[in-house]
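Both backbone and side-chain heavy atoms feed into the values below; hydrogens, waters and symmetry mates do not.
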Amino acid sequence: MKATSRLSLLVVAALAAAGTLTVDTAAPAQAAACNGYVGLTFDDGPSSNTPALLNALTQNGLRATMFNQGQYAATYPAQVRAQVNAGMWVGNHSYTHPHLTQQSQATIDSEISRTQQAIAAAGGGTPKLFRPPYGETNSTVKAVATKYGLTEIIWNVDSQDWNGASTDAIVAAAGRLTSGQVLLMHDWSANSRAAIPRIAQGLASRSLCAGMISPQTGRAVAPTTPSAAGAAR
């Protein structure tokens with residue numbers, strides 16, 4: 001070995017020992033561990049619960065799609081911006097959460113269009129995904145969503161957090177997800193928030209990562225934007 005090469009190695013070793021040199025091995029390891037992606041979704045935000053939810057997600061390295069109600073986006077615009085800044089994606093969940101299949105086409109149009117406007121005005125960008133309240137849809141709801149460039153997203157697995165499911169039950173529901181599938185949870189559920197660390201552990205144990213929901217296929221896929229401030233829309 002040449003003297004210069006030996007010297008370089010000694011310098012690297014000294015810097016590492018001093019703590020001034022950081023070798024980044026986490027990113028490649030994490031990328032290699034993602035053998036599939038799932039979509040974590042939270043309905044009915046934003047709210048006063050949103051900061052705690054975002055904190056739990058970011059602390060556990062998870063990203064999710066937030067299906068916001070327009071009325072709450074208008075009330076809590078700072079929380080819409082916080083969702084985006086935390087690397088989450090923002091979707092449309094109607095303005096007042098009615099049973100859309102029982103409404104007129106004009107009312108459906110108003111519910112969807114006003115939510116698009118409220119989310120954009122709050123700094124959440126223009127949503128590309130729409131989740132009808134209660135998962136109820138028909139040809140009219142689909143047609144109006146399409147008019148606004150929205151892809152309708154239901155879910156594959158229901159956490160049942162809205163029905164009082166325990167944290168254990170929510171973790172078990174997440175454990176049933178397979179690659180490409182979507183999980184339903186809610187912004188206001190304390191049990192879903194408490195389940196997040198264990199959901200993250202369970203996904204990692206199965207080499208699954210939390211991804212974005214593709215507007216083209218409606219399935220969870222690898223994110224196309226990094227998890228950085230202002231990156232997600």
Task: Same apolar cluster: Val141 and Ile154, side chain cutoff 4.5 Å - done: no
Task: Closest non-hydrogen atom pair between Ala195 and Ile170, with its separation - done: CB-CG2, 3.8 Å
Open item on the list: As an exercise, state the distance from CD1 of Ile119 to OH of Tyr95, rounded to the nearest 0.5 Å.
Closed with: 10.5 Å
Task: ILVMFWY cluster, Val38 and Met66 together (side-chain gap under 4.5 Å) - done: yes
Open item on the list: Is any side-chain heavy atom of Gln201 closer than 4.5 Å to one of Ile196?
Closed with: no
Open item on the list: Please say yes or no: joined through hydrophobic side-chain contacts below 4.5 Å, possibly via intermediate residues, are Val157 and Leu129 part of one cluster?
Closed with: no
Task: Set of residues satisfying side-chain hydrogen bond (donor to acceptor under 3.5 Å, both in side chains) with respect to Thr41, sequence neighbours excluded - done: Arg131
Open item on the list: Do Ile108 and Glu111 make a side-chain contact, defined as non-hydrogen atoms from C-beta onward lying under 4.5 Å apart?
Closed with: no
TODO: Please confirm whether the backbone N or O of Gly87 pairs with a side-chain atom of Arg63, one donor and one acceptor, at under 3.5 Å?
DONE: yes
Task: ring-ring contact (aromatic ring centres under 6.0 Å, His included) contacts in which one or both residues fall within residues 116-153, not counting sequence neighbours - done: His97-Tyr134, His99-Tyr134
Task: Non-hydrogen side-chain atoms of Asp43 and Met185 separated by less than 4.5 Å - done: no
Open item on the list: Looking at Asn191 and Ala165, would you say the former's side chain and the latter's main chain have a donor-acceptor pair under 3.5 Å?
Closed with: yes
- [ ] Hey, could you give me the NE2/CZ distance between His186 and Arg193, rounded to the nearest 0.5 Å?
- [x] 14.5 Å
TODO: Ignoring hydrogens and angles, tell me if any N or O in the side chain of Asn60 forms a donor-acceptor pair with the backbone of Leu62 under 3.5 Å.
DONE: no
Open item on the list: Distance alone, cut at 3.5 Å: any donor-acceptor contact between the side chains of Ser113 and Gln116?
Closed with: no
Task: Spatial distance of atom CZ (Phe67) from atom CH2 (Trp89) [nearest 0.5 Å] - done: 11.5 Å
Open item on the list: According to a hydrophobic-cluster definition based on side-chain heavy atoms being under 4.5 Å apart (Ile, Leu, Val, Met, Phe, Trp, Tyr only), do Trp155 and Trp188 belong together?
Closed with: yes
Open item on the list: Can you confirm whether Leu40 sits close enough to Thr65 that some side-chain heavy atom of one is under 4.5 Å from a side-chain heavy atom of the other?
Closed with: no
- [ ] Inspect the surroundings of CD in Glu136 and state if more than 12 heavy atoms from other residues, nucleotides or ligands are less than 6.0 Å away.
- [x] yes
Side-chain donor/acceptor pairs under 3.5 Å, residues 47-57, sequence neighbours excluded:
| unit_1 | atom_1 | unit_2 | atom_2 | d |
| --- | --- | --- | --- | --- |
| Ser47 | OG | Asn49 | N | 3.0 |
| Ser47 | OG | Asp187 | OD1 | 2.5 |
| Thr50 | OG1 | Ser47 | N | 2.8 |
| Thr50 | OG1 | Ser47 | O | 3.1 |
| Thr50 | OG1 | Asp187 | OD2 | 2.8 |

Task: Sidechain-backbone polar pair: Ser207 side chain, Asn35 backbone, donor-acceptor under 3.5 Å - done: no
- [ ] Locate the shortest heavy-atom distance separating Ala210 from Pro223; write the atom from each residue and the value.
- [x] O-CG, 4.4 Å
- [ ] Please determine which of Asp44, Thr75, Asn92, Thr96 meets the side chain to side chain donor-acceptor pair (under 3.5 Å) test together with Gln69.
- [x] Asp44
Open item on the list: Please check: side-chain N/O of Arg206 versus main-chain N/O of Leu177, any donor-acceptor pairing under 3.5 Å?
Closed with: yes
Open item on the list: Can a donor-acceptor pair be found, under 3.5 Å and without considering hydrogens, that links the side chain of Arg219 to the backbone of Ser179?
Closed with: yes
TODO: Supply the atom-to-atom distance Thr58 OG1 to Asn85 CG, rounded to the nearest 0.5 angstrom.
DONE: 11.5 Å
- [ ] Would you mind reporting whether Leu183 and Asn156 have side-chain heavy atoms less than 4.5 Å apart?
- [x] no
Open item on the list: Looking only at side-chain N and O atoms, does Ser104 offer a donor or acceptor that is under 3.5 Å from a partner on Thr107?
Closed with: yes
Task: Stepwise side chain to side chain contact (heavy atoms under 4.5 Å, CB included) check, Arg198 with Thr167 - done: CA-CA 9 Å; Arg198 290 166 60 194; Thr167 297; 4.0 Å; yes
- [ ] Compare all side-chain heavy atoms of Pro127 with those of Leu150 and state whether any distance is below 4.5 angstrom.
- [x] yes
Open item on the list: Quick check for you: to the nearest 0.5 Å, what is the distance between Asn163 atom CG and Ser189 atom OG?
Closed with: 11.0 Å
Task: Distance-only polar pair, side chains of His93 and Asn68, donor-acceptor under 3.5 Å - done: no
Open item on the list: Any heavy-atom pair between the side chains of Ser94 and Ile112 that's under 4.5 Å?
Closed with: no
Task: Distance in Å, Phe42 CZ paired with Met88 CE, rounded so as to fall on 0.5 Å steps - done: 8.5 Å
Task: Min side-chain heavy-atom separation Leu208-Cys34 under 4.5 Å - done: no
TODO: Check Pro46 against Val80 and note the closest heavy-atom contact, atom names and distance.
DONE: CG-CG2, 3.7 Å
- [ ] For Ser159 and Asp161, test the side chains for any donor-to-acceptor distance below 3.5 angstrom and give the result as yes or no.
- [x] yes
